[in-house]
2 protein chains.
Amino acid sequence: MVMSSRSGADLALLLLGSYRNLVDEVVRELATRGYPDARPSHEYAIRAIRAGADSASDLARRLAITKQAAAKTIAALVERGYITTETDPADTRRKNIRITDHGIGLITESTAIFDEVRARWEVRLGAPELAELETQLAQFVGDSPINLDAPGWAAGQELR
Amino acid sequence: MVMSSRSGADLALLLLGSYRNLVDEVVRELATRGYPDARPSHEYAIRAIRAGADSASDLARRLAITKQAAAKTIAALVERGYITTETDPADTRRKNIRITDHGIGLITESTAIFDEVRARWEVRLGAPELAELETQLAQFVGDSPINLDAPGWAAGQELR
DNA sequence: AGTATTGGTCAACCCGGTTGTCCAAGTCAA
DNA sequence: TTGACTTGGACAACCGGGTTGACCAATACT
């Protein structure tokens, strides 16, 4: 069964399959580079934090998830040593988030791996072709309510 | 922030975002056409059943998930009236699966909607461009252990 | 002051999976 | 025919990443 089969359902699977291939590869490689417990959601969250999300509510807004969900993610990140939190002296309700060196290492490594995989794809497709593909995908994403700066919907599944 | 930004991490988000846009649209439209409780995983499962998976173990193999997971999905499909099961007289261990008319209706509608959305994308991009995009995606998926005929990894997330 | 908003937490739940354990029913070999 | 093996299914517990809903304490607004 050839899968570029001009059916909408197949297109969906192609998109998801490509995503999972990319992300699974990154997670796998990340594990071998000293981050065996890093999950895609962790990466997205730390990126959002680095981009300015400095509290649970803030992170929740940026990831477009509930603050409860954000709190859980934060707990997981703290537990794994990727971030630390301490209550804001100026507003004792807030708990300020800080990324640890380990966390910095994670996104650095992760970014590098993502780019490596993308580079391999670029070799396969050709640079202009991949660029074109990206602008096309951006169109699909662009006309939507989804905010790509807020990829909360990007929860990812398990490796198998 | 422009999102076709030549970064591997962004590429991942583009892929996932496109997938979710497509699928969310289908689920949403499906709801308005009389299938308000249909989830993406249901669609994939029924397609697999229609393609020949006639027992839980069988479905599990085809979807590349555990048989327990398949059993849960089957229970959900039965509950919603999309399929029925009855024990095989020739092998009383097996429980044969049959798709109900309602189930047929679901995949029919779902297929149509998927194709409608794809057609809209085709208008945006141009038919040859979309076809090209599909064959490119197929390459990303093709060199992987993933079996597109067995999209168990295609569990999809929630609408929000 | 008193009300409204904001940040955070607890608890319960959902979905789509996973392991692990177990049994009953079929298959195969001697 | 009997014993070993394989297969189909079910039960229970769990996980990850979310959701609602109820709530409290701290800050902000007028």
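First the proteins, then the strands, lettered A, B, ... as listed; each starts at 1.
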- Rounded distance in Å - CG (B:Leu16) to C1' (D:dG17): 13 Å
- Message: Would the distance check show the side chain of B:Thr135 and the main-chain N or O of B:Glu132 forming a donor-acceptor pair, the cut-off being under 3.5 Å?
- Response: yes
- Tell me yes or no: between the side chains of B:Tyr19 and B:Asp24, is some donor less than 3.5 Å from an acceptor? no
- Note on the structure: To the nearest 0.5 Å, atom CG of A:Leu16 lies from atom OG of B:Ser18 at 11.5 Å
- Query: In terms of the nearest nucleotide of DNA chain D, which residue is placed more toward the 5' end: A:Pro89 or A:Thr73?
  - Reply: A:Thr73
- Query: Is the closest side-chain heavy-atom distance between A:Leu11 and A:Phe140 below 4.5 Å?
  - Reply: no
Can you tabulate the close N/O pairs, meaning under 3.5 Å, that link protein atoms to atoms of nucleotides 10-14 of chain C?
none

- Under 6.0 Å from the CZ atom of B:Arg98, do we count more than 12 heavy atoms belonging to anything else shown? no
- Message: Rounded to whole Å, how long is the line connecting atom CZ of B:Arg39 with atom P of D:dT19?
- Response: 13 Å
- Item | Value in whole Å for how far the P atom of C:dG7 lies from CD1 of A:Ile65 | 15 Å
- Message: Check whether A:Thr73 reaches the backbone of A:Ala69 with its side chain - one donor and one acceptor, N or O, closer than 3.5 Å.
- Response: yes
Between protein and nucleic acid, restricted to nucleotides 6-8 of chain D and to nitrogen or oxygen atoms under 3.5 Å apart, what atom pairs and distances do you find?
unit_1 : atom_1 : unit_2  : atom_2 : d
D:dT7  : O2     : B:Arg93 : NH1    : 2.5
D:dG8  : OP2    : B:Arg61 : NH1    : 3.1
D:dG8  : N7     : B:Lys67 : NZ     : 3.3

- Item | salt_bridge(B:Glu134, B:Arg118) N-O dist < 4.0 Å | yes
- Query: Just how far, in rounded Å, is P of C:dG8 from CD1 of A:Ile74?
  - Reply: 7 Å
- Task: Classify the nucleic acid contact of A:Thr66 as base, sugar-phosphate or nothing, counting any heavy atom under 4.0 Å across all strands shown.
- Result: base
- Atom-pair distance (CG on B:Asn96; C1' on D:dG9), nearest Å: 13 Å
- Message: On the nucleotide D:dT27, are OP1 or OP2 found under 4.0 Å from the side-chain N or O atoms that A:Thr92 carries?
- Response: yes
- Query: What is the distance, rounded to the nearest whole Å, between atom CD of B:Glu43 and atom C1' of C:dC15?
  - Reply: 15 Å
- Could you say whether A:Ala69 or A:Ala90 is positioned toward the 5' end of DNA chain D, judged by the nucleotide with the nearest heavy atom to each? A:Ala69
- Query: Once you round it to whole Å, what is the distance between C1' of D:dG16 and OH of A:Tyr44?
  - Reply: 15 Å
- Message: With side chain to side chain donor-acceptor pair (under 3.5 Å) as the test, pick out the partner of B:Tyr82 among B:Asp101, B:Thr100, B:Asp37.
- Response: B:Asp37
- Task: Would you kindly give the CZ-to-C1' distance between A:Arg80 and D:dG17, to the nearest whole Å?
- Result: 12 Å
- Query: For A:Ser110, what residues pass the side-chain contact (heavy atoms from CB on, under 4.5 Å) criterion, not counting sequence neighbours?
  - Reply: A:Leu30, A:Glu43, A:Arg47, A:Phe114
